[in-house]
Amino acid sequence: MNKLKSKHLLGIKDLSIEEIELIFDTAKMFKEVLSRPIKKVPSLRHITIANIFFENSTRTKLSFELAEKRLSADIINFSSSLSSIIKGESLLDTINNILVMKVDMIVMRHPSAGAPHFISDKINASIINAGDGTHEHPTQALLDSFSIKEKLGSLKGKKIAIIGDILHSRVAISNIYSLQKLGAEVMLCGPKTLMPKFISEFGVMIENDIKKALKWCDVANVLRIQLERQEIKYFPSLREYSLYFGINKKLLDKINKDIIIMHPGPINRGIEISSDVADSKNSIILNQVENGVAIRMAVMYLLSLNNNQ
Amino acid sequence: MLKSKLFDKKRLDITINRLCHQLIENHSNFKDSLLIGLQPRGIFLQNRIIKTINKVLSIEVPSGYLDTTFYRDDFRTKEVPKAKETFMPYLVDNKNVIIIDDVLFTGRTVRSAMEGIMNFGRPNKIELLVLIDRKFSRHIPVEPTYYGRRINTLTSQKIIVNLTEQGFEKDNIWITNNE
């Protein structure tokens with residue numbers, strides 16, 4: 001397989017194992033490109049990409065922007081707080097106005113689940129979902145799986161615990177799809193109030209005791225408590241959350257097992273994870289950020305092969 | 001399909017031997033030289049060249065290999081194979097680089113290879129070694145510095161390279177007419 005089936009990347013759900021492997025193989029080649037004295041290839045010099053962010057982002061936006069520049073694409077950036085959205089323009093109007101400026105690819109983050117799917121039916125450009133509400137965040141899941149594969153060689157039979165605020169996490173859902181497709185076992189761990197109602201239908205294990213989850217897993221992917229999405233109180237206090245679900249060195253020492261620590265960022269240090277764990281030798285948090293650029297280069301490069309407008 | 005043989009093992013060995021001696025003539029001890037094989041089949045040819053030079057001079061010639069996929073100008077219009085590995089253990093600054101490939105046809109692969117190589121520094125010069133030079137088919141003014149055999153071909157004809165490194169029983173290189 002040399003190509004992806006679709007010209008959009010809307011979620012991991014629609015990707016086949018072969019497509020995920022193709023993205024990984026291509027990302028590996030781009031990772032080598034990023035270690036060269038000149039870290040740039042001319043592959044996307046014919047392509048214009050719009051980064052449309054209706055929600056705040058630091059890492060994802062920077063990572064996409066850097067990946068686009070490394071591929072020699074022309075880029076325009078758009079964020080909703082500085083745009084006509086606040087004047088009442090609809091999503092489709094905004095997108096169509098950007099597209100008439102001859103944009104070939106759109107990287108979009110939106111607070112509503114399904115927003116990129118809605119747009120993808122109506123336009124010719126390729127769409128990459130950079131996070132839609134609490135639904136999917138495919139490039140994050142790809143870079144997470146890629147980082148685990150890089151560290152452990154394979155995901156087959158590996159035990160991955162996703163710990164924290166599952167209810168508000170698009171990273172968790174995309175990760176479940178990706179990890180299961182690649183043959184890993186997935187456990188979700190967090191307070192009952194932060195566990196979505198029908199999540200067990202995904203075929204994942206649910207655990208409310210962090211010690212048990214850590215004893216079980218090879219990799220702990222720790223998620224951020226998304227206070228900005230929590231309109232009601234899901235737990236009494238951050239201190240209590242940290243006490244029951246925070247990962248610190250003392251806890252890991254008790255378990256006495258080498259567990260790979262991941263976090264999609266941004267980290268609330270001292271809440272879901274302590275600094276000595278986030279910065280420890282078992283942490284691959286910074287590798288995740290580094291791999292993010294290579295994964296996004298691979299996705300955009302492969303989608304451009306299907307984008308002959 | 002008409003098929004005629006350009007190389008068998010014996011002829012291939014003689015030609016590679018001759019190419020190696022031409023390289024030794026120009027690069028003597030290969031101190032400032034760097035062989036860069038192009039993925040995929042240029043690497044097989046490069047490895048044979050390195051082995052032969054090693055037999056003659058007892059030196060390990062500095063080498064690397066390059067995949068040109070990300071530098072191609074036709075990757076969106078043509079069926080392009082999956083990107084392969086690049087391995088460049090040396091910077092090319094002030095090196096005399098020799099690009100190695102099996103067949104020179106339109107010259108586009110060599111153009112993209114030169115662009116790729118420039119990303120690893122500024123070479124002193126770049127030479128090109130190919131086993132087969134297909135005359136009258138160039139899209140770009142690229143000529144080989146060393147060639148094994150120069151042949152007249154039609155665009156419709158194809159060169160089939162079967163080497164033992166690819167899993168074939170014997171080395172054979174053919175030219176075919178696609179009727």
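No hydrogens, no waters, no symmetry mates; every other heavy atom, side chains included, goes into these values. Every chain is numbered from 1 and lettered A, B, ... according to where its sequence line falls, protein lines coming before strand lines.
Under the salt bridge (charged side-chain N to carboxylate O under 4.0 Å, His left out) criterion, the residue pairs touching residues 161-170 of chain B are B/Arg48-B/Glu165, with sequence neighbours excluded.
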- Task: For the pair B/Phe87 and A/Glu32, evaluate side-chain contact (heavy atoms from CB on, under 4.5 Å) and give the outcome as yes or no after the intermediate values.
- Result: CA-CA 8 Å; B/Phe87 176 66; A/Glu32 182 275 321; over 6 Å; no
- Could you go step by step and tell me if B/Glu85 and A/Asp25 meet the side-chain contact (heavy atoms from CB on, under 4.5 Å) rule? CA-CA 9 Å; B/Glu85 201 182 341; A/Asp25 290 346; over 6 Å; no
- Give the intermediate values and the outcome of side-chain contact (heavy atoms from CB on, under 4.5 Å) for residues B/Thr86 and A/Arg36. CA-CA 11 Å; B/Thr86 291; A/Arg36 295 180 189 177; 3.5 Å; yes
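More than 12 heavy atoms of other residues, nucleotides or ligands shown are found within 6.0 angstrom of NZ on A/Lys122. Counting heavy atoms of neighbouring residues, nucleotides and ligands inside a 6.0 Å radius, atom NZ of A/Lys39 exceeds 12 of them. Annotation for B/Lys9: atom NZ does not count as buried by contact number, only 12 or fewer foreign heavy atoms lying within 6.0 Å. Within 6.0 Å of CZ on B/Arg149 lie more than 12 heavy atoms contributed by other residues, nucleotides or ligands. Within a 6.0 Å radius of NZ in A/Lys28, no more than 12 heavy atoms belonging to other residues, nucleotides or ligands are found.
When heavy atoms are compared at a cutoff of 4.5 Å, A/Lys40 approaches chain B solely by way of its backbone atoms N, CA, C and O.
Ring planes of B/Phe70 and A/Tyr301: perpendicular class, angle over 60° (limits at 30 and 60°).
Across B/Lys82, B/Met118, B/Glu115, the residue that shares the most heavy-atom pairs under 4.5 angstrom with chain A is B/Lys82. Note on B/Met88, B/Arg72, B/Lys84: by heavy-atom pairs under 4.5 Å with chain A, the leading option is B/Lys84.
The closest side-chain heavy-atom distance from B/Asn119 to A/Pro37 is not below 4.5 Å.
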